[in-house]
Amino acid sequence: MHNLGILLSGRGSNFLAIADAVEAGRIPEARIAVVISNLADAPGLEAARQRGLTAVAIEARGRKRAEHDQEIVATLQAHEVELVCLAGYMRLLSPGFVQAFAGRILNIHPSLLPAFPGLEAQTQAFDYGVQVTGCTVHFVDEQLDHGPIILQRSVPVLAGDDAHAVAARILEQEHIAYSEAIARVLSGRYEIVERRYLPRS
Ligand code: GRF
């Protein structure tokens, strides 16, 4: 059984899509071992509890990033987490965290990276005037929204759209993409060459 650890800071719709995929068997032999948030009042944490999952708030409370991250790492290890999935986790990971789970942390970002990293990616893309945008699931390294790309899904920007409409269209694709990427990674049937994800049969 593959143990997943989810980190979130907000509403948790990607977490819920992953939980649904696990229940439906679309992520074979996986279970969500723990859901962690840096914010005690994150709606995603309550949603996790309602599903009967272990949900833990680990607040930063003015602590140093490395120290806060160390507590998260210890919690993930205590739950024997194999793969960490950032799902709207609004903090940069410290190098110690990234090293503790090297090649075993995923993130989802609402743009076609390397375009529009950082906050409000959907609005950045819309304001720039792109006609195609989307989402990216990637491995996490020490730089923001940067590691090797596992999977991308594109969406069109249509006449009459505003940034909210584009964000909603991207989110639908995020909910499909994340579970598929997790299943790919857990299958182990890939290699990373330089920064390219190459499927292996
Ligand atoms: C998503 O748009 C995700 O791509 C970004 O943060 C948002 C989280 O949304 N990293 P949710 O909490 O999963 O609904």
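Predicted, not measured: the structure shown is a model, and the values here were computed from it. Ligands are counted one by one from 1 in listed order, and the atoms in each one are counted from 1 as well.
Among all protein heavy atoms, the one lying closest to atom 8 (C) of ligand 1 is Gly88 CA, 3.6 Å. The protein heavy atom nearest to atom 2 (O) of ligand 1 is Glu174 OE2, 3.1 Å.
Atoms of ligand 1 lying under 4.0 Å from at least one heavy atom of Arg11, given by number and element, are 9 (O), 11 (P), 12 (O), 14 (O).
His109 contributes a side-chain N or O that, together with a main-chain N or O of Phe116, makes up a donor-acceptor pair within less than 3.5 Å.
Here's the thing with Ile108: one of its N/O atoms is less than 3.5 angstrom from an N/O atom of ligand 1.
At least one heavy atom of Gly12 lies less than 4.0 angstrom from ligand 1. Ligand 1 lies nowhere less than 4.0 angstrom from a heavy atom belonging to Leu8.
Side chains of Ser13 and His175: a donor-acceptor N/O pair is present below 3.5 angstrom, by distance only. Between the side chains of Glu174 and Asn14, at least one donor N or O lies within less than 3.5 Å of an accepting N or O. Side-chain contact of Glu29 with His2: a donor-acceptor pair under 3.5 Å is absent, judged by distance alone.
The hydrophobic clustering, which links ILVMFWY residues whose side-chain heavy atoms are closer than 4.5 Å, places Leu113 and Leu93 apart.
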